[in-house]
Engineer: 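I am attaching a structure below and will ask some questions about it afterwards.
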Amino acid sequence: MNLASLYQRANEVQRHDAKLILSEYASILQWRSDGQDSLLDVGSGPGNVLMDFVHPLLPKSFEQLVGTDVSMQMVRYANKCYERYARTQFQVLDIGCEELPEQLKGRFDHVTSFYCLHWVQNLRAALRNIYNLLRGEGGDTLLVFLATNPIYEVYKVLQSDAKWASYMQDVDQFISPLHYSTDPVKQFEELLNEAGFVYKNVELRSEVFVYEGVQTLKDNVKAICPFLERIPMAQHEEFLNDFVDIVVSMNLKQDTKANAEHSQERFISPYKLIVAYARKSPDYLQNVFNDLGNVKNVKGVM
Ligand SMILES: C[S@@+](CC[C@H](N)C(=O)[O-])C[C@H]1O[C@@H](n2cnc3c(N)ncnc32)[C@H](O)[C@@H]1O
Ligand SMILES: CC(C)=CCC/C(C)=C/CC/C(C)=C/C(=O)O
């Protein structure tokens, strides 16, 4: 996903969800008493969600704000857009990497991520890294990403079409790792446990977004579709038209009667969003838990 400027103009649903969820969690995030918070955002893209909705929540004396993304193009674009912001920078980071850069380990009070983790097949590695980004004596994380979305079913149908199959052999790599889960909340809670998080709250929110007009739908697909850059430009419109035809066949286009008062076609996208908040136990508390493991029948703590 590398079309930074197009994504910045066509990310309405992502911005809507991030803004709403941050308004709910602003008072739950454990801000430091000295106001010198450090925050890292995973998969920041062009940076406008981070800078429009997270940056304003930070205390005035915050220590540092680091936006990260696997895409160098996104990082370059974000650094250019926000170069005048103090103590703010964007850098390349693959959250699914084997080993975090040393200079990032244990440095952050908060890790946030919006509409990124559904792009990461190895959630176990991602959560291990998120845990290790947080400072040893605590810290918390707010993670918002897709469990399911109809786009993944559209991709599967397109992949079965001989016209597009050769460009989409790895389609499963781009489907949310929780899309086929029978219990995404339980699955993600278990992954958070495994990473070491002690306090956690994981919700699965059923949402619906309406795309007003076929061009709006196409622009939003173009902004995030990983297959278009593999397809010759001359065939992009045909691909997008086939995409829309499949959406219509899935009965996701609002019927004309219901649509009577609207001048444009409306496309309905029912999706499920994971909203996960977790806290890292302070090292000293972790030691207590470790000690407890050696003492049977302890009363009180737990
Ligand atoms: C849909 S955009 C979300 C951008 C921004 N957080 C927002 O809410 O608008 C997803 C971003 O995640 C990035 N991404 C995908 N896989 C990643 C990975 N393994 N590590 C870090 N970023 C990744 C993509 O490059 C893209 O910029
Ligand atoms: C009706 C229909 C299939 C709508 C899906 C439209 C769309 C562009 C969904 C994007 C999902 C996604 C992977 C978003 C992201 O990563 O930001």
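Start at 1 and go down the list; that is how both ligands and their atoms are numbered.
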Engineer: Counting only heavy atoms closer than 4.0 Å, does ligand 1 sit against the backbone of D94, its side chain, both, or neither?
Structural biologist: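 Both backbone and side chain of D94 come within 4.0 Å of ligand 1.
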
Engineer: What atoms in ligand 1 come closer than 4.0 Å to a heavy atom of N11?
Structural biologist: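 Near N11, meaning under 4.0 Å from one of its heavy atoms, ligand 1 has 9 (O).
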
Engineer: Between Y167 and Q235, which heavy-atom pair has the shortest distance, and what is it?
Structural biologist: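 The answer is OH-OE1, 3.8 Å.
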
Engineer: Among N149, T148, L146, which one satisfies side-chain contact (heavy atoms from CB on, under 4.5 Å) with L273?
Structural biologist: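 When N149, T148, L146 are each tested with L273, the side-chain contact (heavy atoms from CB on, under 4.5 Å) holds only for L146.
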
Engineer: What atoms in ligand 2 come closer than 4.0 Å to a heavy atom of N220?
Structural biologist: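 Counting from 1, the qualifying ligand atoms are 8 (C).
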
Engineer: Does ligand 1 have any atom sitting under 4.0 Å from a heavy atom of S44?
Structural biologist: yes

Engineer: Heavy atoms only, cut-off 4.0 Å: how does V120 contact ligand 1, side chain, backbone, both, or neither?
Structural biologist: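 For V120, the contact with ligand 1 is made by the side chain alone.
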
Engineer: Run the side chain to side chain contact (heavy atoms under 4.5 Å, CB included) check on F197 and T141 step by step: do they pass?
Structural biologist: CA-CA 10 Å; F197 288 100; T141 186; 3.8 Å; yes

Engineer: If you measure from each non-hydrogen atom of L93 to ligand 1, which part falls under 4.0 Å: side chain, backbone, both or neither?
Structural biologist: backbone

Engineer: Which atoms of ligand 1 are found less than 4.0 Å from any heavy atom of Y115?
Structural biologist: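 Contacts of ligand 1 toward Y115, numbered from 1: 1 (C), 2 (S), 3 (C), 10 (C).
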
Engineer: Parallel, tilted or perpendicular: which fits the ring planes of H118 and F145, with parallel below 30° and perpendicular above 60°?
Structural biologist: parallel

Engineer: Between E265 and K253, is a salt bridge (Lys or Arg N to Asp or Glu O under 4.0 Å) present by the stated rule, with each step listed?
Structural biologist: CA-CA 7 Å; E265 298 166 305; K253 179 184 164 192; 3.0 Å; yes

Engineer: Is any N or O atom of W119, backbone or side chain, closer than 3.5 Å to an N or O atom of ligand 2?
Structural biologist: yes

Engineer: May I ask you to decide if the ring planes of F243 and F239 are parallel, tilted or perpendicular, using 30° and 60° as cut-offs?
Structural biologist: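 Tilted: the ring planes of F243 and F239 meet at 30° to 60°.
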
Engineer: How close do I95 and N129 get, heavy atom to heavy atom, and via which atoms?
Structural biologist: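 Shortest heavy-atom contact: O-ND2, 2.8 Å.
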
Engineer: For ligand 1, which atoms, with element, lie under 4.0 Å from some heavy atom of G43?
Structural biologist: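 Within the 4.0 Å cut-off of G43, ligand 1 contributes 3 (C), 4 (C), 5 (C), 6 (N), 11 (C), 12 (O), 22 (N).
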
Engineer: Backbone, side chain, both or neither: what part of H118 comes under 4.0 angstrom of ligand 2, heavy atoms only?
Structural biologist: side chain

Engineer: Does E12 CD have over 12 foreign heavy atoms under 6.0 Å away?
Structural biologist: no

Engineer: Using a strict 4.0 Å cut-off to heavy atoms of S269, name the atoms of ligand 2 that fall inside it.
Structural biologist: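 Answer for ligand 2: 4 (C).
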
Engineer: Closest approach of A18 and F114, non-hydrogen atoms and distance?
Structural biologist: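 So the minimum-distance heavy-atom pair works out to CB-CD2, 3.8 Å.
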
Engineer: Between ligand 1 and I95, is the shortest N or O to N or O distance under 3.5 Å?
Structural biologist: yes

Engineer: Identify which of L146, D17, N149 has a heavy atom lying nearest to atom 12 (C) of ligand 2.
Structural biologist: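 Answer by nearest heavy atom: L146.
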
Engineer: Considering the options V66, L50, D109, T88, which one meets the side-chain contact (heavy atoms from CB on, under 4.5 Å) requirement together with L39?
Structural biologist: L50

Engineer: Can you tell which part of V70 has a heavy atom less than 4.0 Å from ligand 1: side chain, backbone, both or neither?
Structural biologist: both

Engineer: With a 4.0 Å cut-off, would you call E99 and K105 a salt bridge?
Structural biologist: yes

Engineer: I'd like to know whether ligand 2 has Y115 as a neighbour, heavy-atom separation below 4.0 Å.
Structural biologist: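 Checking ligand 2 against Y115, which is what was asked, there is a heavy-atom contact under 4.0 Å.
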
Engineer: Which atoms from ligand 1 have a heavy atom of F114 less than 4.0 Å away?
Structural biologist: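 It comes down to these atoms of ligand 1: 3 (C), 5 (C), 6 (N), 7 (C), 8 (O).
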
Engineer: Is there a polar contact between ligand 2 and Q14, counting only N or O atoms under 3.5 Å apart?
Structural biologist: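 Yes; at least one N/O pair falls below 3.5 Å.
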
Engineer: Could you tell me whether Y271 approaches ligand 2 through its side chain, its backbone, both or neither, with non-hydrogen atoms closer than 4.0 Å?
Structural biologist: neither

Engineer: I'd like to know if E194 pairs up with R124 as an ion pair, taking the criterion as any Lys NZ or Arg NE/NH1/NH2 lying under 4.0 Å from an Asp or Glu carboxylate oxygen.
Structural biologist: yes

Engineer: Do any side-chain atoms of residues 54-63 form donor-acceptor pairs under 3.5 angstrom with protein atoms, and if so which ones, sequence neighbours left out?
Structural biologist:
| residue | atom | partner | partner atom | Å |
| --- | --- | --- | --- | --- |
| S61 | OG | G35 | O | 2.9 |

Engineer: Show which atoms of ligand 1 fall inside a sub-4.0 Å distance from at least one heavy-atom site of M74.
Structural biologist: 27 (O)

Engineer: By number and element, which atoms of ligand 2 are closer than 4.0 Å to a non-hydrogen atom of I268?
Structural biologist: 1 (C)

Engineer: Nearest to atom 26 (C) of ligand 1 by heavy atom, T112, V54, D69: which?
Structural biologist: D69

